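Written below as structure tokens is the structure these notes are about.
Quick caveat, the model's predicted, so the values are computed rather than measured. Heavy atoms only: backbone and side chains are in, while hydrogens, waters and symmetry mates are out.
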Amino acid sequence: MNKRVVITGIGGICGLGSCAADIWAAMCDGRSAIGVLSGPSLHDITARTGCAIRNLPQHEIERKQVLSMDRFSVLAVLAAREAVQQAGLTASDKNRYRLGATVGVGVCGWEAIEQDYRAMLLHGRKRTGAFTAPKVMPGAAAGHVSMDLGLRGPVYGITSACSSSNHAIASAVDQIRWGRADVMVAGGADAPLVWGVVKSWEAMRVLSPDTCRPFSANRQGAVLGEGAGMIVLESYDHARARGAEILAELAGAGLSADAFDIAAQTIEGPEAAIRACLADAGLVPEEVDYLNAHGTGTKPNDQIETAAIKRAFGDHAYRMSVSSTKSMHAHCLGASGALELIACVMAIRHGIVPPTANYDEPDPDCDLDVTPNVARERKVKVTLSNSFAFAGTNAVLAIKAA
């Protein structure tokens, strides 16, 4: 249980770019990829603001496998391939049963569901596609990552709405600490930009009509995006033994539940997750240099998260840097935490805090240093990443310099 867990590879794809380096460059520039959604599949929605991946990069996923994949699984495989390539890791007969994968998903395969429902209900088709059931399973992304990379250790999906990525990564850390695996490929993927999902969020009246402005007084709501982020986790001893470059250490995780409401948050739940994360990582609040906030751009979330940060960090809340990168890649639901973890790792490696883009007006209820609009140079040794979800499930990760 005392094994150190390190990060040796990162990969990502979202509206900001098709690899982790491009995503990070866009973040440093404060460049938002949020724009107008288009396409016939969105039909009559009025919430036309989102963050889409305009063009998928070329890939060589076997056609037989692609036929059984929904878009979220494709994104997961692309991000996982990048992370594993950077880690210099190859599955072989000697190690593949010690290599696993956990992938968090918020809404699973709605693209396939919607296509089938429309074909049957509107066009008279008598049955669904042959692969619809395996396409839409929340665990499908983890299964496809394992098949693509040859991983035969612990492999499973995790779904807890917007906290799915961080729960998947925390679970992967436990597999290594418990000795069930030497290496885990972990993260999240989601592709929610389909009519039914956007329509349901539209009905909740939480979507912004223009862009995402976390912590800004004139914020108008969240913006949905799609993407995937994956990291390679391994025990410190395993990474050293094979001569891998260690990018950072996944020092700890903190989990909690509000046990309050299916959609509304409490202050106490997020605060408890932050405190538990610090304790698990053996950190005190004053050691944290940068916190990547959940920061959705809705008024209640931003105010409650600010209050929770103040309670957990005390006076240090005003001395550390805070930002929400959702202002640039939008809320990718189950993928958000993993994309934000890329920001945390890169902040440590490059000494740059990515900004909260689109920030216009100070909010007295969100009065922390939210790094408005422009990235800031700062020595970053320790970061935290917050993820809070519907049903009050909270997951916070601590990352520190290797």
Side-chain angles (χ1 to χ4, degrees), residues 14 51 72 76 102-108 110 138-139 141-142 156-173 186-192 197-198 200-201 203-207 212 214 221-229 253-277 291-309 312 324-327 329-341 343-344 384-398:
C14 65
C51 192
F72 79 106
T102 55
V103 182
V105 176
V107 296
C108 70
W110 273 96
Y156 50 97
I158 287 179
T159 180
S160 51
C162 311
S163 293
S164 298
S165 283
N166 279 14
H167 276 126
I169 293 166
S171 180
V173 168
D190 250 331
V197 176
V198 177
S200 65
W201 280 76
M204 293 182 69
R205 300 182 180 181
V206 297
L207 294 182
C212 182
V223 174
L224 293 181
E226 61 178 350
L255 314 178
S256 73
D258 293 355
F260 172 68
D261 187 89
I262 197 66
Q265 292 176 278
T266 69
I267 298 173
E268 293 79 9
E271 177 194 1
I274 293 170
R275 291 185 182 277
C277 180
L291 185 146
N292 189 294
H294 188 57
T296 63
T298 65
K299 288 185 182 294
N301 174 88
D302 292 356
Q303 291 171 352
I304 287 171
E305 183 170 17
T306 299
I309 292 169
S324 171
T325 55
K326 287 185 179 72
S327 59
H329 56 69
H331 196 345
C332 300
L333 304 184
S336 286
L339 290 168
E340 290 154 9
L341 192 65
C344 290
L384 255 61
S385 179
N386 285 350
S387 284
F388 311 134
F390 283 169
T393 55
N394 311 299
V396 181
L397 301 176

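Scanning both residues, V107 and P192, for their nearest heavy atoms gives CG2-CB, 4.0 Å. Nearest heavy-atom pair, G157 versus A142, reported as atom, atom and distance to 0.1 Å: N-CB, 3.9 Å. Considering all non-hydrogen atoms of both residues, A170 and A253 come closest at CB-CB, 3.7 Å. Smallest separation of non-hydrogen atoms from D190 and G106: OD2-N, 2.7 Å. The two residues A141 and A76 have their closest heavy-atom pair at CB-CB, 3.9 Å. Nearest heavy atoms, A330 versus C51: CB-CB, 3.5 Å.
Atom CD1 of residue I267 and atom CZ of residue F260 lie 10.5 Å apart, to the nearest 0.5 angstrom. Note that CD of E340 and OG1 of T325 are 4.5 Å apart. Values are rounded to the nearest 0.5 Å. Atoms CD1 and OG, on I169 and S163 in that order, are 11.5 Å from each other to the nearest 0.5 Å. Distance check: C14 SG to L339 CG gives 5.0 Å after rounding to the nearest 0.5 Å.
Looking at heavy atoms from C-beta onward, L397 lies out of side-chain contact with L384 at the 4.5 angstrom threshold. Residues N394 and S256 meet the side-chain proximity criterion, which asks for heavy atoms closer than 4.5 Å. At a threshold of 4.5 Å between non-hydrogen side-chain atoms, the residues S165 and L341 do not count as touching. Q265 is not listed as a side-chain neighbour of F390, based on a closest heavy-atom distance of 4.5 Å or more. Taking 4.5 Å as the limit, every side-chain heavy atom of S387 sits out of range of all side-chain heavy atoms of V396. At a threshold of 4.5 Å between non-hydrogen side-chain atoms, the residues E226 and C332 do not count as touching. Taking the side chain as every heavy atom from C-beta outward, L291 and N386 approach each other to under 4.5 Å. Using a 4.5 Å heavy-atom cutoff, the side chains of C162 and H294 are in contact.
For the residue pair T296/H331, the side-chain donor-acceptor check at 3.5 Å is not satisfied.
In this structure, S324 contributes its side chain and G295 its backbone to a donor-acceptor pair below 3.5 Å. With hydrogens and angles disregarded, a donor-acceptor distance shorter than 3.5 Å links the side chain of T306 to the backbone of D302. Side-chain N or O atoms of S164 include none that pairs as donor or acceptor with a backbone N or O of G104 at under 3.5 Å. Judged by distance alone, the side chain of T298 and the main-chain N or O of G221 form no donor-acceptor pair under 3.5 Å.
Among pairs with a residue in residues 258-274, those fulfilling salt bridge (charged side-chain N to carboxylate O under 4.0 Å, His left out) read E268-R311, E271-R275, E271-R311, at least two apart in sequence or across chains.
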Item to complete: Go through the steps for T266 and F388 under the test side chain to side chain contact (heavy atoms under 4.5 Å, CB included), then give the verdict.
Response: CA-CA 10 Å; T266 69; F388 311 134; over 6 Å; no

Worksheet item: What's the verdict on side chain to side chain contact (heavy atoms under 4.5 Å, CB included) for L224 and L333, showing C-alpha distance, side-chain angles and the deciding distance?
Response: CA-CA 8 Å; L224 293 181; L333 304 184; 3.9 Å; yes

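Listed by chain and residue number, nothing satisfies the ring-ring contact (aromatic ring centres under 6.0 Å, His included) test with H329 (two or more places apart in sequence, or in another chain).
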